[in-house]
Structures are given as C-alpha cells and as structure tokens.
Amino acid sequence: MPYNKNNNVIGVDIMAIFKAGLKQFLRIVVVNIMCFFIVVSFSVLATAAFTKNIGYTAYGTVSGSDDPEELYTYYYEDGEDTKKQEYIDKGYAVTESSVRSVLSGTGKTVYLAVSQIFCLMLLICFIYPNLWQLGTKDSNLVKFKHEKEDKLKGLKIGLISVVPIYFFLLCPVAAKIFGFNFSPLLFKTLNPSFFSLIEVILNGARTVAELSAWRYILLMLLPLIIPAVSAAAYILGYKNISVGEKMIYKKKNGENN
C-alpha cells in the first residue's frame, strides 16, 4: 500500500475492498445453494406434517410397453373410483401416485417461518465471522498507523457483494421497458436465502407485471440485509466486541446469581 513522506497511508485500498466484496458474493452463492436444499427439505417435511392424501393420479401400462401413461386423477371426495376397473379390464396395469392437499394456513406459516430463520442464520454465519475478523485486523493496523481508518469498510464490502443480486432484480424494469414479462419465480430461484420473505412479498403474483410498486420496492430492499450485517460485523470487530462472549458471560453471571 502506498505511503506519503510522513509514513501515513495515502488512501483506502479500493481494490482490497472490491476483492473482499467479490469473495463475499461467492460465499453468498454457496449460501444460496445450501439454502435451496434447506427450503426443499423443509417443504417435504411440512407437506408430510401439515397436508393429507386427498386422492391419487392413476398411471397405466399395457403389455409390451414400459412407459406409464397418465390415465386420470381421482379424489376421495368424489366417492367410489369406478374408472380403475375399467382400465384394468382394458388390459392396463394400474399404479397410483398420491395427491396431497395444498400446504396452507398454519402449516405454510410454520414452513415459511422456520425455513427463513434457518436460511438467515446460515447467511449471517457465512458473512459475520469474516467481516468481524477483518474489522479486528484493521483496528490493529490503524492503531499502529499502517492503515487509514475506514469504519464504512464493512458496508462497502457488503454493497459490492450484492451488486450482482441487484442486476437480476432490475431485470423486470428492463423487461417492462422492452415489453417482456416473466415469472417472479426467478427471484426465489436466485435468492433462496430470502425465499420465504420473497414468497410473502409476492403474495401469489404469477407474473412480474402483477407486482404493485410497493411490493417491488420491498424486493429491492431485501438484499440490503447483507450490507447491514456486513457493516455491523465489521464495526463490532473493529471495536473488538464479541457478541458470543458477551452472551456467554451474561449467562454465567445469571447462573452464579
């Protein structure tokens, strides 16, 4: 890093901040991949726990064919299934695939809340330690006049790391200008770490055109959680404040009392 004649740092190393932001973006990509599997796993568990079998889809194969053909869908509320025997009489080997009720109400609320909590915790765990350690390191460098103080460094790193996310969030604006439209499923697919929050904001919208302005604004605000966590982690590290140690200390004091 360059120095002037007084041995002071001339300025903040912009490239270092950019590289740190890029590395954090790559960590966010990893988090999103992990969150995708978390969301899917909780979806399976919630479906099993909060829905029930309401019927089945019948598939049939005929002699000489290995490819099953979808025959019909039967619901228990319709009474006795009379079609199955008809297809059996025609020479079909009929198999059934259960149809379950739609996840809604309390079950959906629990699923969205629990999966979002896990995803946010994972996101914070991937961001916080690195920025905290960087803050502690920079604090020591500043004390010995080896680096210029920049308490916004964590915020800058966080903002750089979400630039690619905003690129995709701005796609609907470009699509509207050029007369295209697409499913908001893209938002959830690219940002599974915010899956539940996005689901709530979308409120069942099937296309981006159905989104009101205030819902779109909320979508734009979501990624700012990342710079907020980055800024807080860096400041806490810079001040050498360990949240974990303070919590353990308070717990021990409470037990002693």
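One-based numbering along the sequence shown.
More than 12 heavy-atom neighbours from other residues, nucleotides or ligands sit within 6.0 angstrom of CD on Gln85. By the neighbour-count criterion of 12 heavy atoms within 6.0 Å, atom NZ of Lys188 is densely surrounded, having more than that number from other residues, nucleotides or ligands.
Tyr87 belongs to a hydrophobic cluster whose other members, connected by ILVMFWY side-chain contacts under 4.5 Å either directly or through intermediates, are Tyr56, Val62, Leu71, Tyr72, Tyr74, Tyr76, Ile88, Tyr92, Val94. Here Val99 sits in one hydrophobic cluster together with Ile54, Tyr75; the rule is ILVMFWY side chains under 4.5 Å apart, joined directly or through other members.
Between the side chain of Asn32 and the backbone N or O of Ser193 there is at least one donor-acceptor pair closer than 3.5 Å. Judged purely by atom type and a 3.5 angstrom limit, Ser41 uses its side chain to pair as donor or acceptor with the backbone of Phe37. Here the side chain of Trp132 pairs no donor or acceptor atom with the backbone of Tyr238 at under 3.5 angstrom. Distance alone, capped at 3.5 Å, places no donor-acceptor pair between the Asn53 side chain and the Gly55 backbone. Side-chain atoms of Thr136 come within 3.5 Å of backbone N or O of Gly237 as a donor-acceptor pair. Distance alone, capped at 3.5 Å, places no donor-acceptor pair between the Ser161 side chain and the Phe25 backbone. With Glu147 contributing its side chain and Val142 its backbone, the two residues share no donor-acceptor pair below 3.5 Å.
The line from OG1 of Thr109 to CG of Leu112 is 6.5 Å long, rounded to the nearest 0.5 Å. The distance from atom OG1 of Thr51 to atom CZ of Arg100, rounded to the nearest 0.5 Å, is 3.5 Å. One finds the NZ atom of Lys137 at 7.0 Å from the CG atom of Leu134 (value rounded to the nearest 0.5 Å). For the atom pair Arg27 CZ and Cys125 SG, the distance stands at 13.0 Å (nearest 0.5 Å). A distance of 5.0 Å separates SG of Cys35 from CG of Leu122, quoted to the nearest 0.5 Å. Atoms NZ and CG, on Lys148 and Leu141 in that order, are 15.0 Å from each other to the nearest 0.5 Å.
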> Could you walk me through whether Ile165 and Leu190 pass the side-chain contact (heavy atoms from CB on, under 4.5 Å) check?
Replying inline: CA-CA 8 Å; Ile165 297 175; Leu190 295 175; over 6 Å; no

> Given the rule in the side-chain contact (heavy atoms from CB on, under 4.5 Å) test, do Thr57 and Glu96 qualify, once you have shown the distances and angles that lead to the verdict?
Replying inline: CA-CA 6 Å; Thr57 299; Glu96 302 170 2; over 6 Å; no

>> Is there a side-chain contact (heavy atoms from CB on, under 4.5 Å) between Thr61 and Asp67? Walk through the geometry before answering.
In response: CA-CA 6 Å; Thr61 54; Asp67 297 324; over 6 Å; no

>> Determine whether Ser196 and Ser115 satisfy the following criterion, side-chain hydrogen bond (donor to acceptor under 3.5 Å, both in side chains), listing intermediate values before the conclusion.
In response: CA-CA 7 Å; Ser196 297; Ser115 60; 3.1 Å; yes

> Between Ile235 and Leu155, does a side-chain contact (heavy atoms from CB on, under 4.5 Å) hold up when you go through it step by step?
Replying inline: CA-CA 9 Å; Ile235 291 296; Leu155 177 63; over 6 Å; no

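Using a 4.5 Å cut-off between side-chain heavy atoms of Ile, Leu, Val, Met, Phe, Trp and Tyr, with links allowed through other members, Leu120 and Ile117 fall into different hydrophobic clusters. Cluster membership for Ile201 and Trp214, using ILVMFWY side-chain heavy atoms within less than 4.5 angstrom, is shared. At a threshold of 4.5 Å between side-chain heavy atoms, the hydrophobic network of Ile, Leu, Val, Met, Phe, Trp and Tyr places Val200 and Leu219 in one connected group. Using a 4.5 Å cut-off between side-chain heavy atoms of Ile, Leu, Val, Met, Phe, Trp and Tyr, with links allowed through other members, Val163 and Leu222 fall into different hydrophobic clusters. Residues Ile28 and Phe36 fall into different hydrophobic clusters, defined by Ile, Leu, Val, Met, Phe, Trp and Tyr side chains chained together at heavy-atom separations under 4.5 Å.
Looking at heavy atoms from C-beta onward, Asp150 lies in side-chain contact with Lys156 at the 4.5 angstrom threshold. Counting heavy atoms from C-beta outward, Thr95 and Pro68 have side chains that stay 4.5 Å or more apart.
Screening Leu26, Leu123, Ile38 for a side-chain contact (heavy atoms from CB on, under 4.5 Å) with Val31, the sole residue that qualifies is Leu123.
Nearest heavy-atom pair, Leu103 versus Gly107, reported as atom, atom and distance to 0.1 Å: CD1-C, 3.8 Å. Considering every non-hydrogen atom in both Ala20 and Ile157, the closest pair reads CB-CD1, 3.6 Å. Residues Phe18 and Ile160 approach most closely at CA-CD1, 3.8 Å, considering heavy atoms. Taking both residues in full, the closest heavy atoms of Cys119 and Val39 are given as SG-CG2, 4.1 Å, listed atom of the first, atom of the second, then distance. Across every non-hydrogen atom of Val114 and Phe42, the tightest pair is CG1-CE2, 3.6 Å. The shortest heavy-atom contact between Ser97 and Tyr59 is CB-CE1, 3.8 Å.
Screening residues 220-236 for side-chain hydrogen bond (donor to acceptor under 3.5 Å, both in side chains), with sequence neighbours left out, gives Gln24-Ser230, Asp138-Tyr234.
Not less than 6.0 angstrom separates the ring centroid of Tyr111 from the ring centroid of Phe50.
For Arg215 and Glu210, the salt-bridge test fails: no basic side-chain N is under 4.0 Å from an acidic carboxylate O.
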